[in-house]
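Below, chains carry the letters A, B, ... as their sequence lines are ordered, and counting in each starts from 1.
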Amino acid sequence: MLYIEFNQFILGVLKTKLADKGLAEADFANVVLESPKDETHGDLSTNAAMVLAKKVGMAPRALAEMLVEEFKAYPAVDSVEIAGPGFINFRLKTSALIGQGIEAVKQGAAYGKLHAPDARKAMVEYVSINPTGPIHIGHGRNAVFGDAIANLLEKAGRTVWREYLVNDAGGQIRVLVKSLHARYLQLFGQDVNVPENGYPGEYLIDIAQMLKDRDGDKWVNMTEEETLLHELRAFAVEACLDLIKTDIKTLHIEFDRYFSEHEMHQTSRMKDVVKLLRDKGLVYEGTLPPPKGKEVADYKPVELTLFKATEFGLPEDQAIFNRAGIPTYFGQDIAYHYDKLQRGYELLVTVIGIDQAGSFTPLSKAIEALTGRKDVYHPVPYEMVKVLRDGQPVKLSKRAGNIVLLSDVLEEVGSDAFRFTMLTVKPTTSLTFDLALAVAKTMENPVFYVQYAHARLCAVERQRAELGIAPVCLDSLDPETKDISSGARAVLREVMLYPALIEQASRALEPHRLTFYAQNLASKVHSWYGAEKWLDAANVQATHHRLAVALAARSVLADVLNLCGVNAPESM
RNA sequence: GCGCCCGUAGCUCAGCGGAUGAGAGCAACAGCCUUCUAAGCUGUCGGUCGCAGGUUCGAUCCCUGCCGGGCGCACCA
């Protein structure tokens, strides 16, 4: 792939030419080869001279001058210019771009696939919502991002494992069972309310009915909470998880594993990790000060097992076990992540709500302590989704029972529109989802713009056959052809940049760049489509050159949509 | 009080660990279908990048302090 090879060539030149300047590997880390914002500045541009000038002890432009001749020697380079404060701008030969187009068509889905810079196995953990009810729209954002990140990492050449943590061991399950039991009793005509802090959602009525169908009145006279918990836990969790899995499936997401917290606690992970941290002097028995900013009437200092988060500059230490000796959420988390490490994963990505920032920060420190590395744990925080219904904000609360269900939204706008829309905004921007607008705006949703481009490219191929024009033979194309218009060249330029997108987006774990690239490429396609007629039975050779470009665009467009988890339709 | 996120065109948002005259989509306005899908194309309009300092040859981007919005803050999840 041209971009990758050229990038390596540039780094090679830099290292050779500046070998005696005492530069370290790290100095080259900031050197980037990118497409200039302004296309009149060429096809690619590097900041190398500016980034390295200071270390080398030369003025940026002078350093650039020194390097230009070497760069000119690269076969695909047509011309090199030094611009502004010291940018080195490259214009590539159109024949080289055509070569990239041909490569893209030939390689298909393999085009843009990279070899990971290091072989560490990656695990992406996402969704992971508690199995206490259906998914709401905010979790949908998590699901879409996690899945796209996993796709991206795979495309970048990593081995990726997708996992959902089923938190079936905490106190919320106890509450769930109590709520379910109340609904169950209601089915038998008893005047019982769902507990104050329980789950009032109507889905539990259906689940209670399933329980009644299965067990009849077996639990009507059972009041022993522990027995109910023991007997109904698995049933309740499974039923709720089924609701979640249905939505996950609608989004075309598949996990490699639903990891059960409950099962993990049958192993010694918890004990082991605490011992490890204790041996490092990071775990001790102590008390926590009263919480700030929030009145707690019944605060009493109690001796707990604590993780020394303050050692890492955090304001408070973190409890690993509560006063009853049961692992806290944080405690479970370090055990779970220790488990991931034990399974051989060394790149741990977790898509997690920003409201849990307080929990993933100490966790990152614990993982740092366990591995001695800072680049193992990568939380991807995302802002909550705010929902407008009839112009009014909807308070998202599972407890209040007025959540906006993902399944409802998907029914209204479809998986493609939902996934693409979620990926058009970076995760740390809070997103307002206007339900009325989502339906009404369907036609102006950018996903249709991109899909339409793909459909057009397919339509042209069908038209070709109808006109009796022979299919394109890639090996007989002439790279030096003059049949490539500026519109077609612009498309090829995007195709050439696709590997750069994969490289950069995967490194930054930023899948929203995929949708921006897709819109950009689609825009170039539509623009070219309007500017020039592609099919011309009287000039088959020129037609073939144009069709080759169209095929390349189609292949890349399909691939980038695939990474987003969005369909690439052949017709619309 | 502390912590995390955000504040860029009327609206929704990009701007990839600093740099070549601030971008896209939508909305508004003006054009383009006897010719490959007009769910499209072409053009116009539109921003003192929340405010104030600082670092630099240069800041939307980095640092500090404000202002505004969202979220979180024991042994809840």
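- Under the Watson-Crick and G-U wobble criteria, each requiring two contacts below 3.5 Å, nucleotide B/U35 is left unpaired.
- Between the P atom of B/G15 and the CZ atom of A/R513 lies a distance of 7 Å, rounded to the nearest Å.
- Looking only at distances, no side-chain donor or acceptor of A/H41 sits under 3.5 Å from a matching main-chain atom of A/S35.
- A/E510 places no side-chain N or O within 3.5 Å of a backbone atom of A/Q504 that could act as its donor or acceptor partner.
- In B/C33 the O4'-C1'-N dihedral to the base is within 90° of 0, which defines a syn nucleotide.
- No contact: A/P381 has no heavy atom under 4.0 Å from any strand.
- Looking at the side chain of A/S527, the nearest of the listed nucleotides B/G40, B/U42, B/C75 is B/U42.
- Base pairing of B/G3 is made with B/C71, judged by Watson-Crick or G-U wobble geometry with both donor-acceptor distances under 3.5 Å.
- Nucleotides B/U34 and B/A30, compared at atom C1', are 24 Å apart to the nearest Å.
- Comparing B/G70 with B/A74, their C1' atoms sit 23 Å apart, to the nearest whole Å.
- In this structure, A/G358 reaches neither bases nor backbone, as no heavy-atom distance under 4.0 Å exists between it and the strands shown.
- Base contact: A/E532 has a heavy atom under 4.0 Å from a base atom.
- Among the nucleotides B/A38, B/U20, B/A77, the one closest to the side chain of A/Y529 is B/A38.
- For the P atom pair drawn from B/G54 and B/G72, the interatomic distance equals 37 Å after rounding to whole Å.
- A/K524 comes within 4.0 angstrom of no nucleic acid atom, judged by non-hydrogen atoms across all strands.
- A/L431 comes within 4.0 angstrom of sugar-phosphate atoms only, judged by non-hydrogen atoms across all strands, and of no base.
- Separating the P atom of B/G46 from that of B/A9 is a span of 15 Å, rounded to the nearest Å.
- Looking at heavy-atom distances under 4.0 Å, A/A455 makes contact with a base.
- As judged by a 4.0 angstrom heavy-atom cut-off over every strand, A/F516 is placed among residues touching the sugar-phosphate backbone only.
- Nucleic acid contact class of A/R464 (heavy atoms, under 4.0 Å, all strands): none.
- Atom P of B/A19 sits at a distance of 13 Å from the matching atom of B/G15, rounded to the whole Å.
- Both distances falling under 3.5 Å, in either a Watson-Crick or a G-U wobble arrangement, occur for no nucleotide opposite B/A9.
- Among the protein residues, A/L288 comes within range of the sugar-phosphate backbone only, with heavy atoms under 4.0 Å from sugar or phosphate atoms but none that close to a base.
- The CG-C1' distance, from A/N167 to B/C76, rounds to 11 Å in whole Å.
- There is no side-chain donor-acceptor pair under 3.5 Å between A/Q451 and A/N567.
- Between A/R462 and A/A83, the residue anchored nearer the 5' end of RNA chain B, judged by the nucleotide with its closest heavy atom, is A/A83.
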May I have the list of side-chain donor-acceptor pairs in residues 307-315 of chain A shorter than 3.5 Å, sequence neighbours left out?
unit_1	atom_1	unit_2	atom_2	d
A/K308	NZ	A/G281	O	3.4
A/T310	OG1	A/D317	OD1	2.7

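- Nearest nucleotide to the side chain of A/F448, out of B/C13, B/G40, B/A39: B/A39.
- For the pair A/A357 and A/P290, nearest-nucleotide mapping onto RNA chain B gives the more 5' position to A/A357.
- Note that CD1 of A/I88 is 8.0 Å distant from CD1 of A/I10, once rounded to the nearest 0.5 Å.
- Rounded to a whole angstrom, the distance from the C1' atom of B/G47 to that of B/U42 is 24 Å.
- Figure legend. B/A30 is base-paired to B/U42; pairs are counted as Watson-Crick or G-U wobble with both atom distances under 3.5 Å.
- With a cut-off of 3.5 Å on both Watson-Crick or G-U wobble distances, the partner of B/U56 is given as none.
- Checking A/S45 against A/N89 by side-chain atom types alone, a donor-acceptor pair falls below 3.5 Å.
- Comparing atom distances between the A/H512 side chain and each of B/C5, B/C41, B/A14 picks out B/A14 as nearest.
- Comparing the same atom, C1', in B/C33 and in B/G50 gives a spacing of 46 Å after rounding to whole Å.
- Contacts of A/H526 with the nucleic acid, taken as non-hydrogen atoms under 4.0 Å apart, involve only primed sugar atoms and P, OP1 or OP2.
- Between the C1' atom of B/A77 and the NZ atom of A/K178 lies a distance of 15 Å, rounded to the nearest Å.
- A/L514 places its CG atom 13 Å from the P atom of B/G15, with the value rounded to the nearest Å.
- Listed for the A/R141 side chain is no donor-acceptor partner under 3.5 Å among the backbone atoms of A/Y382.
- Nucleotides B/C6 and B/A39, compared at atom P, are 38 Å apart to the nearest Å.
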